[in-house]
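So the structure is just underneath, and the comments pick up after that.
All residue numbers in this chain count up from 1 along the given sequence. Both backbone and side-chain heavy atoms feed into the values below; hydrogens, waters and symmetry mates do not.
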Amino acid sequence: MEKREPLKPFLLAFPGPLRDRLVAAVLSGEKVSTSGLLVEYEVEREELPPVGERSAVIDSDGQEVAVVEVTEVRVLPLGSVGLQHALDEGEGYASVAEWRAGHEEFWHSEEMREALGDPLFTVDDDTMIVAERFRVVERLA
């Protein structure tokens, strides 16, 4: 097996059942986009991923299971997310309203509020999100 440079981790949700479902959707090809909060990048002092960047998808056990390549990065208000992005997240949402309800539940969770250091954090139409599109370039598991 050839040795490669370590890749930045591509983390979906927190370890557990949700991450497991999201990783499975990436591996099956159903999930080709994801959404994060711009404030997460600010809190973690992390740059937005550039188009072309490759990252290792990490499962709940901390194992690299695939390599993905970023194909598009958009920063937009939560209220501007369209149906195609919601569908491409591969989580079974049939509408933007369903997508938003699921994401608000996650973003308002105790784990997320703790990660952001804000126990009262909430989102609204003006909350800026990072919408990423990606493609799997290599399966490792």
Side-chain angles (χ1 to χ4, degrees), residues 1-125 127-141:
M1 190 159 117
E2 77 180 61
K3 199 79 168 141
R4 64 170 165 75
E5 289 293 313
L7 295 172
K8 178 177 159 185
F10 190 82
L11 302 171
L12 298 164
F14 296 104
L18 178 56
R19 179 177 288 176
D20 295 340
R21 285 195 309 275
L22 297 177
V23 168
V26 168
L27 293 175
S28 73
E30 295 172 60
K31 183 171 184 63
V32 295
S33 69
T34 193
S35 305
L37 298 167
L38 182 60
V39 71
E40 287 180 77
Y41 289 89
E42 294 165 355
V43 166
E44 295 173 11
R45 298 187 196 295
E46 189 177 324
E47 298 286 324
L48 295 180
V51 170
E53 179 177 80
R54 291 185 175 198
S55 304
V57 178
I58 307 297
D59 69 11
S60 288
D61 295 324
Q63 300 299 308
E64 294 182 354
V65 296
V67 176
V68 293
E69 180 179 83
V70 175
T71 60
E72 180 182 37
V73 178
R74 295 180 302 140
V75 177
L76 67 158
L78 179 57
S80 296
V81 172
L83 180 60
Q84 193 60 58
H85 181 79
L87 297 173
D88 288 347
E89 285 223 10
E91 296 177 55
Y93 300 118
S95 69
V96 172
E98 282 181 18
W99 171 88
R100 181 157 172 173
H103 281 71
E104 283 189 16
E105 181 179 342
F106 176 75
W107 289 329
H108 295 161
S109 71
E110 191 174 318
E111 279 181 305
M112 180 54 80
R113 288 175 170 165
E114 185 177 320
L116 295 174
D118 182 352
L120 303 176
F121 178 80
T122 59
V123 298
D124 61 28
D125 279 353
T127 301
M128 298 304 286
I129 68 151
V130 179
E132 285 182 63
R133 293 187 67 77
F134 57 86
R135 65 186 184 96
V136 174
V137 294
E138 183 181 358
R139 290 181 64 122
L140 304 173

Which pair of heavy atoms, one from [X] and one from [Y], lies closest together, and at what distance?
{"X": "V70", "Y": "P49", "value": "CG2-CB, 4.1 Å"}
{"X": "L27", "Y": "A66", "value": "CD2-CB, 3.7 Å"}
{"X": "V81", "Y": "V96", "value": "O-CG1, 3.6 Å"}
{"X": "L87", "Y": "A94", "value": "CD2-CA, 4.4 Å"}
{"X": "S55", "Y": "P9", "value": "CB-C, 4.4 Å"}
{"X": "S95", "Y": "L83", "value": "CA-CD1, 3.8 Å"}

Taking only residues two or more places apart in sequence or in another chain, which ones pass side-chain hydrogen bond (donor to acceptor under 3.5 Å, both in side chains) with S35? H85, E89

Using the side-chain hydrogen bond (donor to acceptor under 3.5 Å, both in side chains) criterion, which residues pair with E98? Sequence neighbours excluded. none

Which pairs, with at least one residue in residues 68-84 and sequence neighbours excluded, count as a side chain to side chain donor-acceptor pair (under 3.5 Å)? R54-E69, E69-R135, Q84-D88

Which residue pairs satisfy the side chain to side chain donor-acceptor pair (under 3.5 Å) criterion with at least one member in residues 107-123, sequence neighbours excluded?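 Found none.
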
Got a sec, which pairs hit ring-ring contact (aromatic ring centres under 6.0 Å, His included) with one end in residues 11-44, sequence neighbours left out?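 Counting only pairs at least two positions apart or across chains, the ring-ring contact (aromatic ring centres under 6.0 Å, His included) contacts touching residues 11-44 are F14-F106.
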
Kindly write out the residues that satisfy salt bridge (charged side-chain N to carboxylate O under 4.0 Å, His left out) with D125, not counting sequence neighbours, or none if the list is empty.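 Residues passing salt bridge (charged side-chain N to carboxylate O under 4.0 Å, His left out) with D125: R100.
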
List the steps and the verdict of side-chain contact (heavy atoms from CB on, under 4.5 Å) for V65 and V26. CA-CA 10 Å; V65 296; V26 168; over 6 Å; no

Where at least one partner belongs to residues 58-67, residue pairs that pass salt bridge (charged side-chain N to carboxylate O under 4.0 Å, His left out), sequence neighbours excluded: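 Listed once each, the pairs are R4-E64.
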
Only pairs at least two apart or in different chains count here, so list each salt bridge (charged side-chain N to carboxylate O under 4.0 Å, His left out) that has a residue in residues 11-26. none

Between D124 and T127, does a side-chain contact (heavy atoms from CB on, under 4.5 Å) hold up when you go through it step by step? CA-CA 5 Å; D124 61 28; T127 301; 3.4 Å; yes

Who are the side-chain contact (heavy atoms from CB on, under 4.5 Å) partners of V75, not counting sequence neighbours? L38, L48, M128, V130

side-chain contact (heavy atoms from CB on, under 4.5 Å) between L76 and I129, intermediate numbers included: CA-CA 6 Å; L76 67 158; I129 68 151; 4.1 Å; yes

Determine whether a donor-acceptor pair (N or O, by modelled atom type, separation under 3.5 Å) exists between the side chain of E53 and the backbone of P50. no

Output the distance between atom NZ (K31) and atom CZ (F134), rounded to the nearest 0.5 Å.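 Answer rounded to 0.5 Å: 5.5 Å.
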
Nearest-0.5 Å distance that lies between atom CG in L22 and atom CG in L11: 11.5 Å

NZ/NE/NH1/NH2 to OD/OE distance under 4.0 Å, E46 and K8: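 Salt bridge between E46 and K8, a charged N being under 4.0 Å from a carboxylate O: yes.
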
